[in-house]
Protein chains: 2
Amino acid sequence: MKTLSIKDIAVKANVSITTVSFIINGKAKEKSISEAVIKKVEKIIEESGYKPNQIARSLRTGNSNIIGLIVEDISNSFFAKIARLIEDKAYKRGYKIIYSSTENNVEKAQELINMFKSRKVDAYIISPVKGLEEDIRMLINDNKPVILFDRNLRDVQANYVGANHFSASYQSIESFIAQGKRNIALVTTDIDVQQITERFEGYKKALLDYGLTYREELVLKIHFNQNEASTIDEIKMLFNSEKIDAVLFATNYLAISGLKVLKSIKKKIGAELSVIAYDDHEAFELHTPGISTVQQPLEEIAETVIKLLLSQLSSKSILPNQEVIIPATLIIRN
Amino acid sequence: MKTLSIKDIAVKANVSITTVSFIINGKAKEKSISEAVIKKVEKIIEESGYKPNQIARSLRTGNSNIIGLIVEDISNSFFAKIARLIEDKAYKRGYKIIYSSTENNVEKAQELINMFKSRKVDAYIISPVKGLEEDIRMLINDNKPVILFDRNLRDVQANYVGANHFSASYQSIESFIAQGKRNIALVTTDIDVQQITERFEGYKKALLDYGLTYREELVLKIHFNQNEASTIDEIKMLFNSEKIDAVLFATNYLAISGLKVLKSIKKKIGAELSVIAYDDHEAFELHTPGISTVQQPLEEIAETVIKLLLSQLSSKSILPNQEVIIPATLIIRN
DNA sequence: TTGATGTGGTAAAACGATTTACTATAACCA
DNA sequence: TGGTTATAGTAAATCGTTTTACCACATCAA
């Protein structure tokens with residue numbers, strides 16, 4: 001069974017292709033097609049189950065009603081949840097989402113952008129990698145709406161939606177200090193994006209503001225792409241070699257590795273050791289005792305991203321870039 | 001900056017469009033294009049950064065090098081991980097993946113299939129929903145490779161890759177019985193797909209084989225699309241009204257809700273209550289005590305799916321359907 | 001009666017590639 | 001010599017839409 005084309009419909013209805021096209025695209029009235037013809041054609045379309053070929057349509061119009069979403073790793077629960085929320089919201093507005101993971105790898109990210117470009121996606125939502133600046137600038141030059149989220153790039157002017165990482169991190173450390181903690185460690189990654197450096201800056205600033213000294217040996221920077229076993233080893237070393245009474249994990253997957261370490265070395269979380277994890281995860285709520293976390297407002301981030309994107313898509317002129325910083329909240333559990 | 005077309009390259013190189021196309025598609029040799037021309041054109045392509053328009057290409061060739069992946073919910077860690085693995089493997093073979101979630105909703109699933117169809121995806125990987133039989137049959141009639149995974153549909157002949165749910169569930173119950181448990185509950189969902197019914201059958205069969213009676217009031221079927229709060233309420237009721245010394249949760253998200261309940265009603269997991277969760281999750285390893293789980297071999301499932309798919313894609317003739325059942329393993333933790 | 005305006009529609013170009021069928025010349029060889 | 005084959009390449013059709021420019025006829029106002 002060959003798939004039907006607009007031509008088949010035109011033949012069946014005994015009208016021109018043009019007429020069918022106008023009807024499909026809701027331009028019938030405006031193009032003064034009679035009510036009778038509209039009805040007839042619509043009936044035939046309905047009965048035959050004809051669906052326009054989106055590829056042909058995209059080729060002609062240059063757009064696709066598709067939004068490309070590029071994240072670091074779709075299997076990370078933070079991104080998976082954001083992706084799902086964005087997908088839902090976009091879907092309701094008639095846009096489809098296609099997504100892919102960069103694995104924090106510039107080349108892969110560039111390839112993805114190229115793939116999306118050659119598929120003529122209408123807009124991009126990107127959680128960027130350092131090194132992608134030029135590619136993103138080209139998209140913007142091309143007049144494609146681009147929204148960065150989760151992490152910003154200093155050297156590129158674009159729309160951005162993200163949490164206030166500095167202040168969330170600062171508050172976390174403040175809360176440790178309020179509990180009387182003095183030996184506060186930070187386990188973070190070595191990826192050089194604003195989101196991560198801000199968390200680091202917040203940590204540092206809070207220490208200094210409260211008269212504590214910043215000690216390099218209490219900060220562990222895990223190499224991004226390494227396997228979990230090595231991460232666990234490094235964290236284990238940190239805990240074995242330093243006296244630590246509080247620790248902030250800068251990402252949820254680091255916190256998970258960290259909790260595994262604590263479990264294995266039988267270090268109890270509680271009075272003698274406080275833990276805060278960045279980005280919530282089911283495991284933290286269920287953990288005994290509950291693990292305090294910095295919660296990013298996923299729903300709000302997704303909604304803001306989509307809103308920004310749609311306003312760009314629907315406006316003829318180029319809108320000024322917006323940076324939306326949404327507060328993250330510290331959830332204390334125990 | 002307008003994007004370049006094959007015509008621009010042809011003009012620059014002073015050859016015909018045909019020649020450029022042959023070179024791009026590696027058919028230069030076969031079509032006897034001289035080495036000199038090949039070099040020249042390749043240089044120009046390289047320098048100009050020309051990338052073929054995939055939309056035009058798809059329109060002409062009728063395929064897209066894209067595989068459509070349809071899952072229940074991309075934010076569920078099981079699907080997110082499978083998706084990521086499939087994405088990686090497909091990517092290495094030159095295929096891109098686009099994915100979307102059905103939310104276990106037939107209409108949404110149908111819409112997704114239609115969207116993929118009109119984008120001419122080359123093949124489909126589907127974790128199906130009951131009610132999708134006819135749509136899947138149409139894809140197969142259309143000669144598109146289709147692989148079902150995670151769940152099978154009885155009324156449709158297709159390739160299928162999944163774990164041995166019956167036996168995993170049976171073994172879980174066996175292990176409870178070996179520990180001397182007698183009041184064994186099952187918390188499952190009401191979605192009517194083979195995967196879920198098999199888990200239920202395994203539960204039932206094991207009870208009967210070991211001389212225990214199947215008691216309906218120990219089986220809780222949670223309505224699929226309900227919010228977590230109601231789920232928690234129902235599970236709480238189950239634990240409050242029945243004497244239970246072991247429980248099997250048929251999905252990881254149900255187990256997470258269940259663990260929240262146990263935590264809130266302060267029921268300790270251990271000697272007096274054993275728990276097994278279906279599909280692993282970070283939270284289970286970290287939980288104190290560790291939660292035993294049925295682990296599906298994600299890597300193997302993904303690999304099998306892709307292998308099956310690629311063999312279909314590359315074979316001219318239609319291959320017979322295959323059903324690959326992969327054993328799941330019970331991981332005992334405490 | 002003429003020019004403008006409205007109504008109801010269509011033919012054909014365009015989007016950017018792939019692919020089929022063709023041409024022109026050279027080389028070969030019997 | 002002429003017929004065949006190889007070499008090097010191209011023109012044009014095609015995929016399925018959207019959109020521009022146009023046509024034919026009717027109506028209306030001046």
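In what follows, every chain begins at residue 1, and chains take the letters A, B, ... in the order their sequences are listed.
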Protein-nucleotides 22-24 of chain C N/O pairs closer than 3.5 Å?
none

Please write out each protein N/O paired with an N/O of nucleotides 24-28 of chain D under 3.5 Å, distance rounded to 0.1 Å.
none

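In this structure, the side chains of A:Ile136 and A:Val146 come closer than 4.5 Å at one or more pairs of heavy atoms. At least one side-chain heavy atom of B:Asn114 sits under 4.5 Å from a side-chain heavy atom of A:Lys51.
Not one N or O on the side chain of B:Asp135 forms a donor-acceptor pair closer than 3.5 Å with the backbone of B:Gln110. No donor-acceptor distance shorter than 3.5 angstrom exists from the side chain of A:Asp73 to the backbone of A:Glu103, with no hydrogens or angles considered. When atom types are taken as modelled, the side chain of A:Ser100 and the backbone of A:Ile70 share no donor-acceptor pair closer than 3.5 angstrom.
Counting only N and O atoms by type, the side chains of B:Gln322 and B:Asn159 include no donor and acceptor under 3.5 Å apart. Looking at B:Asn104 and B:Thr102, their side chains never bring a donor and an acceptor atom within 3.5 Å of each other. Side-chain contact, A:Tyr160 with A:Gln194: no donor N or O sits under 3.5 Å from an acceptor N or O.
The salt bridge (Lys or Arg N to Asp or Glu O under 4.0 Å) test applied to B:Lys12 returns no partner, not counting sequence neighbours. Under the rule for a salt bridge (Lys or Arg N to Asp or Glu O under 4.0 Å), the partners of A:Asp88 that lie at least two apart in sequence or sit in another chain are A:Arg84. For A:Tyr99, the ring pair (Phe, Tyr, Trp, His ring centres under 6.0 Å) test picks out B:Tyr99, with sequence neighbours left out.
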Under 3.5 Å, which donor-acceptor pairs link side chains of residues 297-310 of chain A to any protein atom two or more places apart or in another chain?
| from | atom 1 | to | atom 2 | distance (Å) |
| --- | --- | --- | --- | --- |
| A:Glu299 | OE2 | A:Lys89 | NZ | 2.7 |
| A:Glu303 | OE1 | A:Lys89 | NZ | 3.0 |
| A:Glu303 | OE2 | A:Arg93 | NH2 | 3.3 |
| A:Thr304 | OG1 | A:Glu300 | O | 2.6 |

Going by atom type alone, with no hydrogens or angles, which donor-acceptor pairs under 3.5 Å involve a side-chain atom of residues 23-34 of chain B and a protein atom two or more places apart or on another chain?
| from | atom 1 | to | atom 2 | distance (Å) |
| --- | --- | --- | --- | --- |
| B:Asn25 | ND2 | B:Ser21 | O | 2.8 |
| B:Asn25 | ND2 | B:Ser21 | OG | 3.4 |
| B:Ser34 | OG | B:Val37 | N | 3.3 |

Residues 52-59 of chain B, side-chain donor-acceptor partners within the protein, below 3.5 Å, at least two apart:
| from | atom 1 | to | atom 2 | distance (Å) |
| --- | --- | --- | --- | --- |
| B:Asn53 | OD1 | B:Ile55 | N | 2.7 |
| B:Asn53 | OD1 | B:Ala56 | N | 3.0 |
| B:Ser58 | OG | B:Gln54 | O | 3.1 |
| B:Ser58 | OG | B:Asn63 | O | 3.1 |

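Residues A:Lys43 and A:Glu47 are paired through a salt bridge, judged by an N-O separation under 4.0 Å between the basic side chain and the carboxylate. The existence of a salt bridge linking A:Arg137 and A:Glu134 is confirmed by a sub-4.0 Å separation between a basic side-chain nitrogen and an acidic carboxylate oxygen.
Residues from residues 45-54 of chain B that place a heavy atom under 4.0 Å from any atom of DNA chain D: there are none. DNA chain C is contacted by A:Val15, A:Ser16, A:Thr18, A:Thr19, A:Phe22 of residues 4-30 of chain A, taking any non-hydrogen atom closer than 4.0 Å. Near DNA chain C, defined here as any heavy-atom distance below 4.0 Å, there are no residues from residues 35-43 of chain B.
Rounded to an integer number of Å, the gap from CD1 of B:Ile55 to C1' of D:dC15 is 13 Å. As a whole-Å value, the separation of A:Asn63 CG from C:dC15 C1' is 12 Å. One atom, CG of A:Leu59, and another, C1' of C:dA14, lie 9 Å apart when rounded to the nearest Å.
For the pair A:Lys108 and B:Tyr91, the distance from NZ or CZ to the six-membered ring centre is under 6.0 Å and the angle to the ring normal is within 45 degrees.
Distances shown here put every side-chain N or O of B:Arg60 at or beyond 4.0 Å from the OP1 or OP2 atom of D:dT14. An OP1 or OP2 oxygen of C:dA17 is reached within less than 4.0 angstrom by no side-chain nitrogen or oxygen of B:Thr61.
Within the helix from C:dT1-D:dA30 to C:dA30-D:dT1, the inter-axis angle between the opening and closing five-pair segments is 60°, rounded to 10°.
Here the closest heavy-atom approach between residue A:Phe149 and residue A:Val71 is recorded as CZ-CG1, 4.0 Å.
Both B:Lys31 and B:Ala56 lie near DNA chain D, and the one whose nearest nucleotide falls closer to the 5' end is B:Lys31.
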